[in-house]
Each structure stands twice: as structure tokens, then as C-alpha cells.
Protein chains: 2
Amino acid sequence: MDISERQLRILQAIISDFISTGEPVGSRSLSKNHDINVSPATIRNEMSDLEEMGYLTHPHTSAGRVPSDKAYRLYVDGMMQKYELPEEEKKIISARLSDDFNEFEKTIKKAASLLSEITNLTSFAITPTQNADMLKYINVLPVDEETVVLMIVSSSGRVTNTALKLNCPYNEENLALLSKNLTYTFKGKTISEALTIDIINNLQSDMQAMSKLAENIMPNFMKTLENMLDVNLYMDGLTNIFNIPEFNDIDRAKTFLEMLNNKEDLTKVLVSRENGTIITIGNENSKDIMPDCSMITATYEIDGKLIGKIGVIGPTRMKYDEVTSVIEYMTENLNNTFKLSGGE
Amino acid sequence: MDISERQLRILQAIISDFISTGEPVGSRSLSKNHDINVSPATIRNEMSDLEEMGYLTHPHTSAGRVPSDKAYRLYVDGMMQKYELPEEEKKIISARLSDDFNEFEKTIKKAASLLSEITNLTSFAITPTQNADMLKYINVLPVDEETVVLMIVSSSGRVTNTALKLNCPYNEENLALLSKNLTYTFKGKTISEALTIDIINNLQSDMQAMSKLAENIMPNFMKTLENMLDVNLYMDGLTNIFNIPEFNDIDRAKTFLEMLNNKEDLTKVLVSRENGTIITIGNENSKDIMPDCSMITATYEIDGKLIGKIGVIGPTRMKYDEVTSVIEYMTENLNNTFKLSGGE
DNA sequence: AGTTAGCACTCATATATGGTGAGTGCTAAC
DNA sequence: GTTAGCACTCACCATATATGAGTGCTAACT
């Protein structure tokens, strides 16, 4: 059975009412507040059909109708209008996402914070997965008699370093030689590739003399590479959940917050999401991780290469149009910021 | 009126019962479960006196007694026994707080996470304030034609860096000269002191030629110094609050989580706390920030110099003895870890 | 055939009612 | 000073009743 034009109008009205009030929508209020020029009885008949088709549900016999996930999906895919952000809001976003000092992580944190502030939802952002990032330059620098700093620069411009206490003496020439050798060996390799290289053996062949030094440094080098693969997760607006009536229930709030507390699983979910603006609704999400929630994510880019994500999570009843526009406007801004400044 | 020996015994029993059950304690169950060899009626008389002295309160006429903040203070200061951690727990703590790769921040994060796991409370940790940390070594390194890395090593062993895109050409000699000059100017200065130095003018005198380069780099240098002063706050076990019956109420849970959400204020509170193991109970804490909560914090040291803090926050009804022991054992471990490895 | 008015029915929510029990406070006796 | 006894309080729980929003169905209307 196909959905009729009038049914579509009614469904849209129900979704719109429910999104703004959170209360099941009854036939009478529908015919009053929207100019559907038919009587409540007719609307009831149509609603009954819509329910049969799976677009509506019924919390109990004497309650109004509530849109199902399927209805939201229809709405998001076809019925939703593009929401134009007010200029004022655009200005706020642009202003707050500027990044004068190359402080990439801080900017992302700010973005998450701003997003939750504007949407009144819980927001999160992940930094890019760097496994596609290539190593560019490795340097081991002297600090004092027993300390050196290991510095790794990747082609995206990210610099990572670690201070190491050595338990053997070194001289600057050796460090320079080691730096050169490491750069030569790893340059152009992605981090993932680099992790598979058995460097100790590689080095031994041509620089036996330094093997002691290398043995000291290499485990830390590899560990640092591993750390570079870590994705950081930022969240904000956790307590916004309490302002949403549906979650004004200790158990739901608890489930929600516990789900977010499990950062590892959440990170996995985020990392594995497709790129671009993605909306997943209710049980489209893995049920055990986040029941009855919708998630909207979009991707931002650093210098057009590394891809991170930012988004919100909230009840299936959310203002999909507004939130989507906010997120997309923010990612546009982030892309510009991270292009001009050349990423960190 | 002074508190009698017997009253003290009764008070202790009430506190102990209330801490473990969370229910107001009645006279009958007291005389049954503790060997106070007097009848419930006598206990009632004593309780009435204790209430008059401000050690107990009464939720309503027909309920048992509940210890007041004043009672907890008395308990913590004088009556509390030292709690010996089970060997097993000690082993777990020691094992999980080892830090093989100098990953200071990760270790602190782990510590907070472990602390909330063991105590079932909400835990937090702040990294040391570094304003007493001295600068040791500053280096500006070439990366590619337009990028340099600014590296700052402080005497505590911490290394900080930032990648900078320059909008003027440079040559390696200039960088080396600048590095030398910066190191000469700032070495031995604390970060706070360093921030007050008008370096541009200092430089101009003896290295005019490089002023363009310096103008490019110095704002970022100062910004980086500012960032080094930032204190990081880690939290864990946020959702533990839901397992505490007193907070099984949407409003209290909300207040609690919103208070923790305000990281700036929380950080301020933590930073301004005295060093050593500090217990603050209920309204001893700033009322608007955390009503009806107790807080236990202790300090850890990096190389005996920089001082950070770790602690828990929870209901006034908490196992002060156990929690204190856990925190103190953890800070001991952290101190060792950060001494052996020499800090980061 | 589609639309509508009318009406019985359902059920969550709110409110009132009474019973239960833990615990107190007081009095009088030991 | 201690204790038994007893009336009293009050949160808590279960049950009963009222309310009202909203449905589903039927029969009449266009």
C-alpha cells in the first residue's frame, strides 16, 4: 500500500508536533493546529492506516500517535526542509571556531562545546584517524646528559614528541646519525606501515655501533607511533540530557550516560561511521550501545586529507533539520580553519 | 556540654551503620547490632542529647537518626581507624599504575579511572600547576620551507612543542641563533616569569636582522608558554553516582553532574585546595558548587617538585577510612612512578 | 466511496483513603 | 540513672475512585 498525499501531510504534521512537544499527537489537536481541512474522525482513519504501514505507534489505546523510526527516516530522507541558520548564529559559530594559534585539539574541543550549546544536545568530536598519515621527519635531540627528545613530524603537519631518559651515554653525532637513519627508513611510510617494520634488524646492518642507543630508543619510538594512531574523543553537553522530558527518568538518564561513559565503544562507533553527513535513527543504531537515540555526524577535514568527525546524540525526537544545518555549517568552518592554518 | 564516652560509642555506631546502609539508624537496631549494653530507651535519651549537640539530625519525627556534617568531622578527625588495604588491592593498584613509557598524562588518567573503580565514587585528577616549573631549553627546528617546530623543555622534563607556519623565509643558522638566544634569555626562569619578559625588545638590540623571524615566532612562543600553565582535569566514574541511593533522584543526580560539568570551577576548587590529604565534608565545601557532597583529595609529586592532585567526590555518607587509604596508597605509588621514570 | 458526528470504551494520571510499621518521646516504675 | 510500656507520628504502600484525552466503531450524510 502506497502512502497518499494527504497521509504524508498528516504524518508530517504529527512529526512536527511531536518533535516540538514530545507528547503523543491526537487527532483533534492536529485538525485544529494544522490546516488539514478534514475532521478529526477522518484523520483518525488515516492515522490508523499510517499505523498499519508502520509509520506510527500507539503508547496505549487512549493515547495519541507517536512517529516511529520509520517515520523519522521518511521525514529525514524526503520531507525535511533545509533549515537556514540565522545570520546571527552563523556569526557566533564563525567567531568561536577561529584558531589563531594552531591549537587544533583546542579548536575541536571548542567546536564540540559550541555544538552542544547551540543544539542543547550531547555533542562529541573525534580527532582524525592518522593511520593514513605519512611520516615525514624524525629527529632525536639532545636535552641533557641522560635525556633526549624524540620528535616525529608527519606529513599532515602534526608534531609529536616524547622525552626519554637513556641509560647509556650518547653523543650528538650518534643522535644525528640515528635521526637521519630513522627518517630515511620511515619517510613516506604511513604510521600503520611503520609499525610493521622491524627496525632493530634494519639498523644493525649498517650501524652496529649504535645498537645500544637504538635499543634504548626504539621501543619508545614504536610506542609513540602507536599513540599517534589513537583517536581522541571529546564530549560536551552531557547534562543536556536532563532537559529532555523523555530522559527525565533516572533509568533512561543512567543508561544514556553509561553508554557515553564507555568511550572505547563510542569511539569505535564513530570511527566506523561513513563519511559525510550521516543521520541514524533509533534502532538503526546498534541497539545495545544506544537504544532509542538518534545520532547525526558530519566530517571535517584537515588540509583536505585527514578526516575527523563531529556530531550529536539525542532522543529520536530531535530537530533534525536545525541540528543538521548547524553541524554542516560548523564542519564547513572547521575545514576552512584547518586549511588556512595548515593544520597543526 | 561535653560529649561522654558512651555517647561517643553510640555516635560511632550510628555513623558506621549509616555509612553502610544509608538508612536512618533507630535505637532498637543499634542496641541489637552493637554491643552497647543499654536498652533502646537509654540510647534514645543519648541520641536526643547528641541531636541537641548538633551531631545528629532527624529527617522526620518517626525516623531514626542521621549523622550531621559535624558528626562526620568528629569521626574523621578523631574516631576513624586506619584502614589497611587488602594486599590484593595493593597489588592491583601498583600494577595498574606503572608507567613504562613516560606517559605521564596517561598514567594520571589511569589513576583516576582506577580510583573510581575501586571506590565506586566519582574521581578526578589534575595535572600539576607548572608556574613554578623552570624553562631549561628552547629550540626552534626546521621542518620544511615554511614550517618550523618550536620546542620547549622545562626542568621537570616536560617537553612542549608547536608547529608553526611562517610567512617569511628562514635559514637554519638564524633558527639556531634564535634558539640559542631564547634559551639564554629564558633559561632558569619560571613560566610565569617568562611571560612577563618583553622579548621582542630584548632581541632587537642584539639581533636586528632576525626581528622579522622573531615577530613571527614570538606570539606563538608566548601562547605556548601560556598553554603550559594550563592544568588538565581528568574525571572518571561519573555514572557511579547512579548507584548511590541518595542520588537516585533525578534532581540530585542532575545537580551533581552539572556541578562536575563545570570544569573550570571544579579545577579552581581543586587547585586552591591545600596540599596533603584533605577531607572536606558537606557544607564545608562551597555550597553553591557542591551541596551535600564530601571530597577527599591527596597530592602526588613529580620528581618531588611539581604537585598535582587526585581525589574523589561523593555523598557525605562515604567510607572515609577506606577511600582515604586507597587514595593515599595511590599517591604513594604515583610518587614512586614519577620519581623512577624521572617524570615526563 | 469518502467524510463526519456521535458515543462507548480505554487507560494513564491524579487524588483520596486506609492500613502498616519503624521509630520516637514521654511517663512511671525499677 | 536505667528501663519497660505505650501513645503518637509519619513515610510508605496498596487500593479505590475520578478525570480526561484520545481512540475505534457505527451509522448517517454528501
Side-chain angles (χ1 to χ4, degrees), chain A residues 1-11 13-15 17-18 21-53 55-68 245-246 248-252, chain B residues 1-11 13-15 17-18 20-53 55-68 245-246 248-250 252:
Chain A
M1 185 152 88
D2 244 17
I3 194 166
S4 77
E5 175 62 27
R6 189 171 68 186
Q7 284 172 338
L8 221 53
R9 269 213 321 282
I10 291 175
L11 186 56
I14 293 175
I15 292 175
D17 275 18
F18 187 73
T21 67
E23 300 293 324
V25 185
S27 54
R28 219 177 87 85
S29 67
L30 259 189
S31 83
K32 253 203 305 196
N33 303 328
H34 298 262
D35 44 333
I36 307 165
N37 296 312
V38 287
S39 75
T42 312
I43 295 180
R44 279 206 288 283
N45 289 332
E46 298 287 32
M47 291 203 295
S48 180
D49 288 354
L50 284 167
E51 183 163 1
E52 213 170 301
M53 288 186 263
Y55 291 110
L56 295 176
T57 54
H58 228 178
H60 56 88
T61 352
S62 66
R65 295 314 208 286
V66 169
S68 66
E246 288 95 308
N248 228 315
D249 162 88
I250 200 82
D251 280 328
R252 287 208 64 186
Chain B
M1 187 152 86
D2 243 20
I3 194 166
S4 76
E5 176 61 28
R6 187 169 70 186
Q7 285 172 339
L8 222 52
R9 270 214 320 283
I10 291 176
L11 187 56
I14 293 174
I15 293 174
D17 276 17
F18 186 73
S20 54
T21 66
E23 300 293 326
V25 185
S27 55
R28 219 177 87 83
S29 66
L30 259 188
S31 85
K32 253 201 306 194
N33 303 329
H34 299 262
D35 44 334
I36 307 166
N37 296 312
V38 287
S39 75
T42 312
I43 295 181
R44 279 204 289 283
N45 289 331
E46 299 286 32
M47 291 202 297
S48 182
D49 289 353
L50 285 168
E51 183 162 0
E52 214 171 299
M53 288 186 265
Y55 291 111
L56 295 177
T57 54
H58 228 181
H60 56 89
T61 352
S62 65
R65 296 309 207 289
V66 169
S68 66
E246 288 94 308
N248 228 316
D249 162 89
I250 201 82
R252 287 208 63 187

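Just so it is clear: chains get the letters A, B, ... in the order the sequence lines come, proteins before strands, and each one is counted from 1.
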> With side chains defined as the heavy atoms from C-beta onward, is the minimum distance between A/I3 and A/Y55 less than 4.5 Å?
yes
> Searching all strands shown, indicate the nucleotide that pairs with C/dA28 (Watson-Crick or G-U wobble; both distances under 3.5 Å).
D/dT3
> Taking the side chain as every heavy atom from C-beta outward, state whether A/M47 and A/L30 have any atom pair closer than 4.5 Å.
yes
> Could you let me know what D/dA21 is paired to, Watson-Crick or G-U wobble, both distances under 3.5 Å, or none if it's on its own?
C/dT10
> Separation of A/L30 atom CG from D/dA21 atom P, in whole Å?
16 Å
> Treating primed atoms plus P, OP1 and OP2 as sugar-phosphate and everything else as base, which nucleotides of nucleotides 21-30 of chain C get B, S or - for protein heavy atoms under 4.0 Å?
-BSBB-----
> Salt bridge check, A/R252 against A/E246: does any charged N sit closer than 4.0 Å to a carboxylate O?
no
> Pairing check on C/dA16: which nucleotide meets the Watson-Crick or G-U wobble criteria with it, both distances under 3.5 Å?
D/dT15
> For D/dT3, does OP1 or OP2 lie under 4.0 Å from any side-chain N or O of B/S39?
yes
> Does A/H34 reach the side chain of A/D17, with side-chain heavy atoms less than 4.5 Å apart?
yes
> Expressed as a whole number of angstroms, how long is the span from B/I43:CD1 to D/dT3:C1'?
12 Å
> Is there a side-chain contact between B/R6 and B/V38 (heavy atoms, below 4.5 Å)?
yes
> Is the shortest side-chain heavy-atom distance between B/S31 and B/R44 below 4.5 Å?
no
